[in-house]
Amino acid sequence: MTDANKARFNAEAAQWDSNPDIQQATRLAHKAYLSHLPSDPAILSTYDILDLGCGTGLLSLALAPSVRSVTAVDAAEGMIGALEAKLTAEDAAKNVLPICAMLEDPDDERIAVDPVTKEKVTGRRFDVVVSHLVLHHILDLRKLFATIFGCVKKGGKVMVTDFENFGPEARKFHPESKMDGVERHGILRDEIKTVLEEAGFVDVKIETAFELEKQIETEPGSGVMGPTMVFPFLICEGTKL
């Protein structure tokens with residue numbers, strides 16, 4: 001994550017959850033992830049999940065009741081602080097561990113801590129690594145997925161969701177004032193498939209997961225939000241043998 005990204009997300013953390021588009025995109029992503037994870041609750045409840053770019057933990061907390069644990073990582077201190085505040089509630093999930101980090105090493109000791117036992121597990125790996133609405137902020141996708149590959153258990157999976165780059169109109173996903181830290185206007189199917197395969201994942205599948213209807217600027221840079229536009233989101237999945 002660049003300094004521009006960190007500054008933006010730190011500034012927006014307090015109001016992040018009040019954005020209805022973010023809430024809706026997370027609900028739809030959660031539904032998509034569950035449709036790609038084991039349907040047997042007994043199996044899914046054994047899963048340890050790594051959520052990269054977790055933000056305020058909306059997806060992490062949605063997944064938590066279904067799985068054994070969620071390690072929630074984000075490089076923006078403000079986002080992790082917002083998640084930590086949620087976890088102080090009496091009825092908060094007890095199997096979510098928030099970590100403020102720019103994760104670049106699968107053996108980073110910070111993700112070695114088991115959220116359930118609170119013990120450090122050397123060489124800890126995950127059943128599934130998820131990441132939602134993060135890829136378009138990442139300059140070097142190959143470096144990211146090399147790290148993700150290292151974090152996944154043998155037989156485990158990566159599942160990531162982001163909006164699709166379907167042409168020049170995809171730029172309208174962000175108002176012009178929010179372009180700092182945006183490295184690409186959505187993800188390209190062929191490109192992301194190649195990146196996952198080059199990282200070492202097999203059985204790579206790129207599918208349309210859902211569509212999000214959101215307001216766009218009436219004119220680029222005007223700051224005036226007017227008409228709505230439908231943005232397709234992809235779910236990108238691969239398995240580590």
Could you go through the side chain to side chain contact (heavy atoms under 4.5 Å, CB included) check for L234 and E207 one step at a time?
CA-CA 5 Å; L234 300 179; E207 302 173 357; over 6 Å; no
Looking at K153, K154, K240, which one forms a salt bridge (charged side-chain N to carboxylate O under 4.0 Å, His left out) with D127?
K153
Say you draw a straight line from CG of L103 to CG of L50; how long is it, rounded to the nearest 0.5 Å?
6.5 Å
Hydrogens and angles aside, do D51 and S60 bring a side-chain donor and acceptor to less than 3.5 Å of each other?
yes
Polar side-chain atom of K86 near backbone of A92 as donor-acceptor pair, under 3.5 Å
no
Taking side chain as C-beta onward, heavy atoms only, is V160 less than 4.5 Å from L135?
yes
Tell me whether F233 shares a hydrophobic cluster with M229, the cluster being built from Ile, Leu, Val, Met, Phe, Trp, Tyr side chains joined at under 4.5 Å.
yes
I need the C100 SG to M79 CE distance, nearest 0.5 Å.
11.5 Å
Ignoring hydrogens and angles, state whether a donor on the side chain of E183 or H136 is under 3.5 Å from an acceptor on the partner side chain.
no
Here the gap from L52 atom CG to M102 atom CE, rounded to the nearest 0.5 Å, amounts to 11.0 Å
Report yes or no: do M225 and L212 belong to one cluster of Ile/Leu/Val/Met/Phe/Trp/Tyr joined by side chain heavy-atom distances under 4.5 Å?
no
Could you check whether any side-chain heavy atom of D48 comes within less than 4.5 Å of a side-chain heavy atom of R124, counting everything from C-beta outward?
yes
In V129, I49, L37, the residue satisfying side-chain contact (heavy atoms from CB on, under 4.5 Å) with M159 is L37
Taking the side chain as everything from C-beta on, heavy atoms only, tell me whether R125 gets closer than 4.5 Å to P106.
yes
Mind checking whether F231 and K214 have side chains closer than 4.5 Å, heavy atoms only?
yes
Do the ring planes of F201 and F149 sit parallel (below 30°), tilted (30 to 60°) or perpendicular (above 60°)?
perpendicular
So, T208 side chain and F210 main chain: donor-acceptor pair closer than 3.5 Å or not?
no
Minimal non-hydrogen separation, L61 against P65, with atom names:
O-CD, 3.3 Å
Given V158 and V128, is the side chain to side chain contact (heavy atoms under 4.5 Å, CB included) satisfied, shown in steps?
CA-CA 6 Å; V158 60; V128 181; over 6 Å; no
Find the distance between CG (L133) and CZ (F173) and round it off to the nearest 0.5 Å.
5.0 Å
Can you tell me how far apart CG (D140) and CD (E104) are? Round to the nearest 0.5 Å.
10.0 Å
Following the transitive rule for hydrophobic clusters with a side-chain heavy-atom cut-off under 4.5 Å over Ile, Leu, Val, Met, Phe, Trp and Tyr, establish whether L87 and V70 coincide in one cluster.
yes
Would you say that L59 contacts H30 through its side chain, given a criterion of any heavy-atom pair below 4.5 Å between the two side chains?
yes
Heavy-atom nearest pair, V96 first then P98, reads O-CD, 3.6 Å
Give a yes or no answer on whether the side chain of S39 reaches the backbone of S35 with a donor-acceptor pair at less than 3.5 Å.
no
Distance only, no hydrogens: is a donor on one side chain within 3.5 Å (strictly under) of an acceptor on the other, for T194 and R189?
no
Give the intermediate values and the outcome of side-chain hydrogen bond (donor to acceptor under 3.5 Å, both in side chains) for residues Q215 and T228.
CA-CA 4 Å; Q215 278 190 305; T228 61; over 6 Å; no
Could you give me the CA-CA distance, side-chain angles and deciding distance for R110 and D108, then say whether salt bridge (charged side-chain N to carboxylate O under 4.0 Å, His left out) is met?
CA-CA 5 Å; R110 291 170 291 186; D108 190 312; 2.7 Å; yes
Any donor and acceptor pair, going by atom type alone, linking the side chain of R184 with main-chain N or O of L139 inside 3.5 Å?
yes
Side chains of L34 and S66: does their closest heavy-atom pair fall under 4.5 Å?
yes
Might you confirm whether atom CD of Q15 has over 12 heavy atoms from other residues, nucleotides or ligands at distances under 6.0 Å?
no
When you compare the side chain of F163 with that of P232, does any pair of heavy atoms fall below 4.5 Å?
no
Please check this pair: side chain of D162 against backbone of I187, looking for a donor-acceptor N/O pair closer than 3.5 Å.
no
Is it true that F126 and V134 fall in one hydrophobic cluster, defined by side-chain heavy atoms closer than 4.5 Å?
yes
Where C151 and I111 come nearest, the two heavy atoms and their spacing:
SG-CD1, 4.1 Å
Can we say R171 and E176 salt-bridge, meaning some charged N sits less than 4.0 Å from an Asp/Glu carboxylate O?
yes
Quick one: closest heavy-atom pair of V204 and K193, and the distance?
CG1-CG, 3.9 Å
List the atom of I80, the atom of A72, and the distance in Å for their closest heavy-atom pair.
CD1-O, 3.9 Å
Please check if the number of heavy atoms outside D40 that lie under 6.0 Å from its CG is greater than 12.
yes
Can a donor-acceptor pair be found between the side chains of S69 and Y47 at a distance below 3.5 Å?
no
Just verifying a value: how many Å separate I235 CD1 and K205 NZ, rounded to the nearest 0.5 Å?
11.0 Å
Should the heavy atoms of other residues, nucleotides or ligands under 6.0 Å from NZ of K94 be counted, would the total exceed 12?
yes
Quick one: do I22 and L83 end up in the same hydrophobic cluster if we chain Ile, Leu, Val, Met, Phe, Trp and Tyr together by side-chain heavy atoms under 4.5 Å apart?
no
Going through the checks in order, is the salt bridge (charged side-chain N to carboxylate O under 4.0 Å, His left out) test met by R142 and E198?
CA-CA 8 Å; R142 284 172 171 77; E198 287 181 352; 2.7 Å; yes
Can you see which heavy atom on L63 is nearest to which on V130, and at what distance?
CD1-CG2, 4.3 Å
How about N95 and R68: do any of their side-chain heavy atoms sit closer than 4.5 Å?
no
Give a yes or no answer on whether the side chain of E237 reaches the backbone of K157 with a donor-acceptor pair at less than 3.5 Å.
no
